[in-house]
2 protein chains.
Amino acid sequence: MTETAVGSSAVESAAALKAHPESKSQQAYAAVKARIVEGTYTPGYRLVLAKIAEDLGFSVVPVREAIRRLEAEGLVKFERNVGATVSGIDPTEYLYTMQTLSIVEGAATALSAPLIDSIAIARARAVNQEMRECLEHFDPVRFTALNQDFHSVLFEHCPNPHILDLVHRGWNRLASLRSSTFRFVPGRAQESVREHEALLQLIEGGADADTIEKAARQHRAATLDAYLSTTN
Amino acid sequence: MTETAVGSSAVESAAALKAHPESKSQQAYAAVKARIVEGTYTPGYRLVLAKIAEDLGFSVVPVREAIRRLEAEGLVKFERNVGATVSGIDPTEYLYTMQTLSIVEGAATALSAPLIDSIAIARARAVNQEMRECLEHFDPVRFTALNQDFHSVLFEHCPNPHILDLVHRGWNRLASLRSSTFRFVPGRAQESVREHEALLQLIEGGADADTIEKAARQHRAATLDAYLSTTN
DNA sequence: TTCATAGTTATCGTATACGATTTCGTACTT
DNA sequence: AAGTACGAAATCGTATACGATAACTATGAA
């Protein structure tokens with residue numbers, strides 16, 4: 001587990017089924033996205049079409065298309081006759097993204113809850129345990145990845161792929177902000193791990209959808225609150 | 001009021017501010033989107049790049065880019081070496097879209113509620129009154145447009161543009177299904193108008209966010225339920 | 001020294017061209 | 001008559017080329 005770049009799963013798995021060589025625009029999309037999510041291209045980074053095209057070894061047209069797609073996902077900003085830059089670390093954007101995530105993650109969790117079996121719960125617990133260990137060794141990068149894994153386990157049988165897609169977009173958006181000021185408010189991580197366990201117990205106990213949704217939403221919202229409290 | 005095509009408002013208004021002539025890919029995007037939303041291109045319609053390019057009077061590259069953008073919004077399906085078609089009327093997709101809409105509309109309404117003033121409430125009531133009249137004259141197309149207007153008034157000061165964007169995407173998605181089997185379950189429209197009034201009263205009365213969110217969510221969900229009950 | 005302006009460079013935007021892939025029709029075989 | 005294989009047409013995918021726009025720089029005047 002612990003894959004970092006989370007993609008529009010539906011699209012990508014469909015593409016994988018066809019034994020087709022990936023189109024170059026597809027490749028360019030994946031490549032640039034990966035660089036943004038990994039942090040090679042940090043926010044504000046100037047994405048020059050010709051340069052990227054040369055790097056990847058093909059022409060500008062597919063690259064252009066890829067950039068446009070990333071723009072639609074909010075990962076890059078594209079200005080006419082000026083060019084593309086990796087989307088910024090505007091605190092307001094962070095707030096919007098986190099708030100939206102709290103809503104869609106809450107919904108995704110509530111919808112998935114009735115479909116989660118005990119095996120998945122056990123796996124989620126194992127991931128959460130790993131997260132605890134990360135805290136001891138202070139490994140924030142892995143912690144974040146595991147956090148996504150934890151929720152991914154819960155979302156495995158999410159009955160609505162659209163909502164799942166929105167979750168993934170949010171995650172990617174946040175990933176592009178890596179190593180910005182928006183991470184690791186002291187103490188929040190510990191609390192987060194505790195909330196995970198509480199969430200699992202709610203699911204195990206067959207709590208009603210509304211309770212689970214509120215808990216999951218609050219889980220994300222608390223991280224946002226923790227950040228906000230540090231700045232004010 | 002009563003504009004039909006709802007766009008990523010942030011992007012479009014920004015583009016409007018620059019006195020720039022719209023780029024051709026932008027024009028192509030708007031044009032094709034409009035045709036889909038208006039119903040000129042119905043689901044399943046084959047979008048041949050060269051043909052569209054000729055119609056619009058420019059080359060295929062910008063058209064291609066536009067189609068890709070529409071793909072990202074879910075309005076068209078693009079298959080490699082085969083081409084683009086207007087996204088289909090799969091009942092499952094309808095369910096996904098409506099369910100997602102119920103969630104994001106619910107959230108958008110709850111977030112907006114505290115910011116809605118009495119003038120806006122009055123305007124919303126006026127729109128709702130028009131909707132009643134539409135029911136008498138049986139004008140479903142206008143009814144749908146007014147329905148969007150009603151909610152748009154409520155969302156005018158929505159503090160989170162991301163969520164608003166998701167709402168708009170959902171609306172566009174549904175619009176592309178116009179004149180499909182997914183509309184106008186008998187009696188549902190009347191109920192919808194009543195629910196609008198109830199929603200306004202909740203907002204006026206300063207109901208708490210949770211109550212408003214549930215009401216708004218249920219309002220959309222009920223339409224979905226009405227559809228589902230007709231098929232089973 | 002600072003500001004305005006003109007010219008240069010970098011970069012984007014789009015058209016055209018051609019190769020690759022798919023689809024569809026037709027002829028041939030069983 | 002039905003199915004298969006082959007070939008032609010349609011369509012997509014990408015490269016290259018060139019025009020348009022904006023950013024930058026240098027030069028001159030106040």
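So that the names make sense, note that chain A is the first sequence line, chain B the second, and so on, each numbered from 1.
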Report summary line: Checking D/dA22, C/dC12, D/dG13 against the side chain of A/V82 (C-beta onward), the nearest is D/dA22
**Report entry** Euclidean distance, atom CD of residue B/E65 to atom C1' of C/dC12 [Å, nearest integer]
**Finding:** 11 Å
Report summary line: Taking C/dC12, D/dT14, D/dT11 as options, the one with an atom nearest any side-chain atom of A/K24 is D/dT14
**Report entry** Qualifying residues under side-chain hydrogen bond (donor to acceptor under 3.5 Å, both in side chains), relative to A/E130, sequence neighbours excluded
**Finding:** A/R142
Report summary line: Residues at least two apart in sequence or cross-chain that pass side-chain hydrogen bond (donor to acceptor under 3.5 Å, both in side chains) with A/T223, listed by chain then number, are A/R188
Query raised in the report: Are OP1 or OP2 of D/dA10 and a side-chain N or O of B/K51 less than 4.0 angstrom apart?
Result: no
Query raised in the report: Mapping A/F58 and A/R46 onto DNA chain D by nearest heavy atom, which one lands closer to the 5' end?
Result: A/F58
Report summary line: By side-chain contact (heavy atoms from CB on, under 4.5 Å), A/A124 pairs with (sequence neighbours left out) A/F150, A/V153, A/L154, A/L200
Contacts table for residues 53-60 of chain B: side-chain donor-acceptor under 3.5 angstrom, sequence neighbours left out:
none

Query raised in the report: How many Å lie between CD on B/E71 and C1' on D/dG13, as a whole number?
Result: 14 Å
Requested in this report: For A/F78 and C/dC12, give me the distance from atom CZ to atom C1', rounded to whole Å.
Outcome: 7 Å
Report task. Would you please confirm or rule out a distance under 4.0 Å between OP1 or OP2 of D/dG13 and any side-chain N or O of B/R64? Result -> yes
Query raised in the report: Contact class for A/I67 vs. all strands (heavy atom < 4.0 Å): base, sugar-phosphate, or nothing?
Result: nothing
**Report entry** Gap between atoms CD and P, on A/Q27 and D/dG13 respectively (whole Å)
**Finding:** 14 Å
Query - Residues in side-chain contact (heavy atoms from CB on, under 4.5 Å) contact with B/P114, at least two apart in sequence or another chain - result: none
Query raised in the report: For C/dG13, does either OP1 or OP2 sit under 4.0 Å from a side-chain N or O belonging to B/S25?
Result: no
What does the list of N/O pairs under 3.5 Å between the protein and nucleotides 16-20 of chain C look like, with a distance for each?
none

Query raised in the report: Are the charged groups of A/E156 and A/R123 less than 4.0 angstrom apart, N to O?
Result: yes
**Report entry** Close side-chain approach of A/I52 to A/I67, heavy-atom, < 4.5 Å
**Finding:** yes
Query raised in the report: In whole Å, what is the span from the CZ atom of B/R80 to the P atom of D/dA10?
Result: 22 Å
